Novice: 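Okay, here's the structure, questions in a sec.
Source: prediction; values computed, not measured.
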Amino acid sequence: MNPPTKAWPAPFRLLSGKRYGLGQRLMVGLLVLLTFDPLIAAETPWSRVETVAKGRPEAIGGPSNGCVRGALGLPASGEGFVSIRRHRNRYYGHARTIALVRELGAAVAARTGGKLIMVGDLAQPRGGRMASSHVSHQNGLDVDIWLTLAESPRQAWRDTPEANDPPSMLDRHRLRPNARWGAEQRFLIQRAAQHPDVDRILVNPGIKRALCRSEASSPWLRKIRPWWGHDAHMHVRLKCPPDSPACQQQAPIAPGSGCGAELAWWFSEEARSPKRGSSGTSKPRPQPPAACAQVLGS
């Protein structure tokens, strides 16, 4: 089953719809050019590649400077999961990442009587730097999973066009859970954190604090790491697989649950009002691993 045209951003639906007049389509065409031209200008060599690099699955480099060979594509839907916003062409990953999504989907479907996890961005066909939205997601070991569950693939595609994210799980101050947060969300995060292939999961500090209160003695809490945003989805990162010797593992998580002073800092004035850098210059991007040149050109 493929996402319907209604899952596209609104301007593209207007351009493709026969019921719209020529004048409307021309006007919207101009709007599309004005709106999306910055994205086109920001394209990277990796974002222009539409096919995977042949070979055995291999994650190369790190999550923010790497690539992936032999990536697998996540189907549009399957048992317990639905892939949304597929027009981005970011639904590829290492075989272990795809397997994790399938396992989480099956577990959630069994737990909830058939609901589905909504899967957002994984990686591009060969990984590498994206034109927008992410610095990470480069080596095929990252996946974004929305915390709102869907009733069906069609409902997920209809309700989550590009400009309409699923709702936040926190109140307007981003300090505590709202009425949407519940047992299904806790189960999804717990199930992912308990998976042996998962290295860490990024969530909003408000979600981390809620889990610290409800799951205080759970050893998997240490994998749940607070980060800005992430109040409507979790960012799951896998460990470097044994089949990927060129993969660069992120520094290990410090011992402990992460529910003490480390978490409290995120609610301090310093954290909530970060100072802007004074230099006004950005750091140069690191050079990708040498193996990625071969992956990009193969």
Novice: Enumerate, atom names and distances included, each donor-acceptor pair closer than 3.5 Å involving a side-chain atom of residues 252-259, sequence neighbours excluded.
Specialist:
| residue | atom | partner | partner atom | Å |
| --- | --- | --- | --- | --- |
| Ser257 | OG | Cys259 | N | 3.3 |

Novice: Is the count of non-hydrogen atoms from other residues, nucleotides or ligands lying under 6.0 Å from Arg200 atom CZ greater than 12?
Specialist: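 Yes.
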Novice: Is the closest side-chain heavy-atom distance between Arg209 and Trp266 below 4.5 Å?
Specialist: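 No - every pair of side-chain heavy atoms lies 4.5 Å or more apart.
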Novice: If we ignore hydrogens and angles and just use 3.5 Å, is the side chain of Ser47 paired with the main-chain N or O of Glu43 as donor and acceptor?
Specialist: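 Flag not set: sc Ser47 to bb Glu43 has no pair under 3.5 Å.
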Novice: Measure the shortest side-chain to side-chain distance between Arg174 and Ser168 over non-hydrogen atoms and say whether it is less than 4.5 angstrom.
Specialist: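 Yes, close enough: below the 4.5 Å cut-off.
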Novice: Considering residues at least two apart in sequence or located in another chain, which fulfil the side-chain contact (heavy atoms from CB on, under 4.5 Å) criterion with Ala192?
Specialist: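 Ala192 satisfies side-chain contact (heavy atoms from CB on, under 4.5 Å) with Leu104, Ile201, Met234 once adjacent residues are dropped.
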Novice: Rounded to the nearest 0.5 Å, how far does CH2 of Trp220 lie from CD of Gln194?
Specialist: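 Answer rounded to 0.5 Å: 7.0 Å.
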Novice: What pairs of residues pass the ring-ring contact (aromatic ring centres under 6.0 Å, His included) test when at least one of them lies in residues 92-128, not counting sequence neighbours?
Specialist: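 Those involving residues 92-128 do not exist here.
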Novice: State, to 0.1 Å, how close Pro205 and Leu263 come at their nearest heavy-atom pair, and which atoms those are.
Specialist: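 Looking at all heavy atoms of both residues, the shortest contact is O-CD1, 4.0 Å.
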Novice: List for me each residue that meets salt bridge (Lys or Arg N to Asp or Glu O under 4.0 Å) alongside Arg176, sequence neighbours excluded, and say none if there are none.
Specialist: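 Arg176 satisfies salt bridge (Lys or Arg N to Asp or Glu O under 4.0 Å) with Asp171 once adjacent residues are dropped.
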Novice: Holding to salt bridge (Lys or Arg N to Asp or Glu O under 4.0 Å), I want the full list of residues that pass it with Arg88, two or more places apart in sequence or in another chain.
Specialist: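 Testing Arg88 for salt bridge (Lys or Arg N to Asp or Glu O under 4.0 Å), a comparison that skips the adjacent residues, returns Asp121, Glu162.
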Novice: Roughly how far, to the nearest 0.5 Å, is CE of Met118 from CG of Asp159?
Specialist: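 Separation between the atoms: 8.0 Å.
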Novice: What heavy-atom pair brings Gly105 and Ile117 nearest, and what distance separates the two atoms?
Specialist: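 Reported closest heavy-atom pair: N-CD1, 3.9 Å.
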Novice: Please name all residues satisfying side-chain contact (heavy atoms from CB on, under 4.5 Å) with Asp199, sequence neighbours left out, ordered by chain then number.
Specialist: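 Counting only residues at least two positions away or on another chain, Asp199 forms a side-chain contact (heavy atoms from CB on, under 4.5 Å) with Lys239, Gln249, Gln250.
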Novice: Measure the NZ-CD1 distance between Lys223 and Ile189 for me, rounded to the nearest 0.5 Å.
Specialist: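 Spacing of NZ (Lys223) from CD1 (Ile189) equals 13.5 Å.
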Novice: Check whether Val108 and Val203 end up in the same hydrophobic cluster, where Ile, Leu, Val, Met, Phe, Trp and Tyr are linked by side-chain heavy atoms less than 4.5 Å apart.
Specialist: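 Yes: a chain of side-chain contacts under 4.5 Å links Val108 to Val203.
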Novice: With clusters defined by side-chain heavy atoms of hydrophobic residues (ILVMFWY) lying less than 4.5 Å apart, directly or transitively, does Leu141 cluster with Leu74?
Specialist: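 They do share one cluster, since a chain of ILVMFWY contacts under 4.5 Å joins Leu74 to Leu141.
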Novice: For the CZ atom on Arg48, are there more than 12 heavy atoms of other groups (residues, nucleotides or ligands in this structure) within a distance under 6.0 Å?
Specialist: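 Yes - once you tally the heavy atoms of other residues, nucleotides and ligands closer than 6.0 Å, there are more than 12.
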Novice: How many angstroms lie between atom OG of Ser218 and atom CD1 of Ile224, to the nearest 0.5 angstrom?
Specialist: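 These two atoms lie 10.0 Å from each other.
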Novice: Using a 4.5 Å cut-off on heavy atoms from C-beta on, say whether the side chain of Arg129 contacts that of Gln138.
Specialist: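 They are in contact (side-chain heavy atoms under 4.5 Å apart), so the answer is yes.
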Novice: If the condition is side-chain contact (heavy atoms from CB on, under 4.5 Å), which residues does Ser217 pass it with, not counting sequence neighbours?
Specialist: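 If we apply the side-chain contact (heavy atoms from CB on, under 4.5 Å) test to Ser217, skipping adjacent residues, there are no hits.
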Novice: Which atom pair, heavy atoms only, marks the closest approach of Gly140 to Thr97?
Specialist: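 Shortest heavy-atom separation between Gly140 and Thr97 comes out as O-OG1, 2.7 Å.
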Novice: Would you call the rings of His235 and His137 parallel, tilted or perpendicular, where under 30° means parallel and over 60° means perpendicular?
Specialist: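 Tilted: the ring planes of His235 and His137 meet at 30° to 60°.
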Novice: To check you understand the geometry: which heavy-atom pair defines the closest contact between Asp197 and Arg96, and what is its length?
Specialist: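 Smallest interatomic distance, heavy atoms only, reads OD1-NH1, 3.1 Å.
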Novice: Same cluster or not: are Trp157 and Ile145 linked, directly or through other Ile, Leu, Val, Met, Phe, Trp or Tyr residues, by side-chain heavy atoms under 4.5 angstrom apart?
Specialist: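 Looking at the clustering, Ile145 is in a separate group from Trp157.
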Novice: Would you mind reporting whether Ile207 and His230 have side-chain heavy atoms less than 4.5 Å apart?
Specialist: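 Sidechains of Ile207 and His230: no contact.
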Novice: Can you run down the ring-ring contact (aromatic ring centres under 6.0 Å, His included) pairs that involve residues 159-207, sequence neighbours left out, and say none if there aren't any?
Specialist: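 The answer is none; no pair qualifies.
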Novice: Between Asp142 (side chain only) and Ala123 (backbone N and O only), is there a donor and an acceptor less than 3.5 Å apart?
Specialist: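 No; judged by distance alone, with no hydrogens or angles, the pair does not exist.
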Novice: Quick check on the hydrophobic clustering: are Leu175 and Trp227 connected, directly or via other members, by side-chain heavy-atom contacts under 4.5 Å?
Specialist: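 Leu175 clusters together with Trp227.
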Novice: Could you state the interatomic distance from OG1 (Thr160) to CZ (Arg85), rounded to the nearest 0.5 Å?
Specialist: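 Rounded to the nearest 0.5 Å, the OG1-CZ separation comes out at 5.5 Å.
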Novice: Over all heavy atoms of both residues, which pair between Leu221 and Cys212 is shortest? Give the atoms and the distance, please.
Specialist: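 The answer is CD1-CA, 4.0 Å.
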Novice: Does the side chain of Ser152 come within less than 4.5 Å of Arg158's, by heavy atoms?
Specialist: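 No - every pair of side-chain heavy atoms lies 4.5 Å or more apart.
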Novice: Using atom types as modelled, flag every donor-acceptor pair under 3.5 Å from a side chain in residues 49-56 to any protein atom, sequence neighbours excluded.
Specialist:
| residue | atom | partner | partner atom | Å |
| --- | --- | --- | --- | --- |
| Thr51 | OG1 | Arg126 | NH2 | 3.0 |
| Arg56 | NH1 | Asp243 | O | 2.5 |

Novice: For Gln185 and Gly182, indicate whether the former's side chain and the latter's backbone hold a donor-acceptor pair under 3.5 Å.
Specialist: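 Yes; judged by distance alone, with no hydrogens or angles, the pair exists.
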Novice: Ile98 and Val82: same hydrophobic cluster, using ILVMFWY side-chain contacts below 4.5 Å?
Specialist: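 Different clusters.
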Novice: Which atoms form the tightest heavy-atom contact between Trp46 and Cys292, and what is the distance?
Specialist: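 It is CH2-O, 3.3 Å.
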Novice: Taking distance alone, no hydrogens or angles, what donor-acceptor pairs closer than 3.5 Å link side-chain atoms of residues 58-72 to residues at least two apart or in another chain?
Specialist:
| residue | atom | partner | partner atom | Å |
| --- | --- | --- | --- | --- |
| Glu58 | OE1 | Arg69 | NE | 3.4 |
| Asn65 | ND2 | Gln287 | O | 3.0 |
| Arg69 | NH1 | Gln294 | OE1 | 2.7 |

Novice: Give the intermediate values and the outcome of side chain to side chain contact (heavy atoms under 4.5 Å, CB included) for residues Ser244 and Asn139.
Specialist: CA-CA 10 Å; Ser244 302; Asn139 66 355; over 6 Å; no
Novice: List in chain and number order the residues that pass salt bridge (Lys or Arg N to Asp or Glu O under 4.0 Å) with Glu262, two or more places apart in sequence or in another chain; answer none if no residue qualifies.
Specialist: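 Expected list: Arg225.
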Novice: Applying ring pair (Phe, Tyr, Trp, His ring centres under 6.0 Å), can you list everything that pairs with Trp146, at least two apart in sequence or on another chain?
Specialist: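 Only His233 meet the ring pair (Phe, Tyr, Trp, His ring centres under 6.0 Å) criterion with Trp146.
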Novice: Run the side chain to side chain contact (heavy atoms under 4.5 Å, CB included) check on Glu184 and Leu147 step by step: do they pass?
Specialist: CA-CA 8 Å; Glu184 293 175 344; Leu147 296 174; over 6 Å; no
